[in-house]
Amino acid sequence: MRLKAYRRREEAERYDRLLEAVADWQFAGRLRAFLGATELRLADGAPPHAAEWLAWAWAKAEALDPLAPTAELRRFMRVKRRRNVPDDELPEFSIFDLR
């Protein structure tokens, strides 16, 4: 009986994490859309602190997105572009590595 209860609880927790990842992904997309619109609005003349705030907000959107590449992968991709590393040498990763 305990094993069944444990498995049910584990399944419920996995499902909750899935729903949380979907919600985070959706919110990150909405946040990016808002930030894009904000940048367009500020294109004619932004207050001095706007660039710093926008950089901070874009980083928050990236951090929220469970499908966004990790900082390590982003670093690798920059190196890959500079050194022309073949695609078959890309590191393996999945959504499970991103949290």
Side-chain angles (χ1 to χ4, degrees):
M1 279 312 255
R2 281 194 216 173
L3 184 58
K4 283 185 180 182
Y6 173 79
R7 286 186 177 155
R8 276 195 306 271
R9 189 171 56 249
E10 188 177 69
E11 178 67 18
E13 289 172 4
R14 288 179 74 194
Y15 186 67
D16 288 346
R17 285 192 305 270
L18 172 64
L19 294 180
E20 184 179 304
V22 169
D24 288 348
W25 174 73
Q26 289 174 328
F27 184 72
R30 289 178 27 221
L31 183 53
R32 286 185 184 113
F34 171 79
L35 293 173
T38 301
E39 286 180 337
L40 287 174
R41 172 76 57 101
L42 295 175
D44 293 336
H49 65 281
E52 181 183 333
W53 182 85
L54 282 166
W56 170 82
W58 280 107
K60 291 296 180 185
E62 186 77 7
L64 275 172
D65 189 344
L67 298 179
T70 63
E72 180 180 337
L73 183 60
R74 286 192 301 271
R75 248 188 330 273
F76 179 85
M77 293 304 290
R78 282 194 300 272
V79 170
K80 177 191 176 310
R81 283 192 298 273
R82 283 196 306 262
R83 297 183 186 163
N84 293 323
V85 176
D87 285 341
D88 62 346
E89 291 184 27
L90 284 173
E92 293 289 323
F93 77 98
S94 73
I95 187 173
F96 308 107
D97 300 328
L98 302 179
R99 285 279 167 178

Which atom pair, heavy atoms only, marks the closest approach of A57 to L31?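 Answer, listing the atom of A57 first, then L31: O-CD2, 4.3 Å.
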For residues P66 and A21, report the shortest heavy-atom separation together with the two atoms involved.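 For P66 and A21, the tightest heavy-atom pair comes out as CG-O, 3.2 Å.
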Side chain to side chain contact (heavy atoms under 4.5 Å, CB included) with R9: which of E13, E11, R7?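 Considering E13, E11, R7, a side chain to side chain contact (heavy atoms under 4.5 Å, CB included) with R9 is found only for E13.
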Are L18 and F27 connected in a single hydrophobic cluster, I mean Ile/Leu/Val/Met/Phe/Trp/Tyr linked by side-chain heavy atoms less than 4.5 Å apart?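 No, F27 and L18 fall in different hydrophobic clusters.
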Around atom CH2 of W25, are there more than 12 heavy atoms from other residues, nucleotides or ligands closer than 6.0 Å?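 Atom CH2 in W25 is not crowded, with 12 or fewer foreign heavy atoms closer than 6.0 Å.
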With a sphere of 6.0 Å drawn around CD of E52, does it hold more than 12 non-hydrogen atoms of other residues, nucleotides or ligands?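 It does not: E52 CD has 12 such atoms or fewer within range.
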What's the separation between atom [atom1] in [X] and atom [atom2] in [Y], rounded to the nearest 0.5 Å?
X   : Y   : atom1 : atom2 : answer
R32 : L64 : CZ    : CG    : 8.5 Å
E39 : F34 : CD    : CZ    : 11.0 Å
L54 : H49 : CG    : NE2   : 9.0 Å
W53 : L42 : CH2   : CG    : 8.5 Å
L19 : D24 : CG    : CG    : 11.0 Å

Could you tell me whether the side chain of Y6 reaches within less than 4.5 Å of the side chain of R2, counting heavy atoms only?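 A side-chain contact is absent here, since even the closest heavy-atom pair is not under 4.5 Å.
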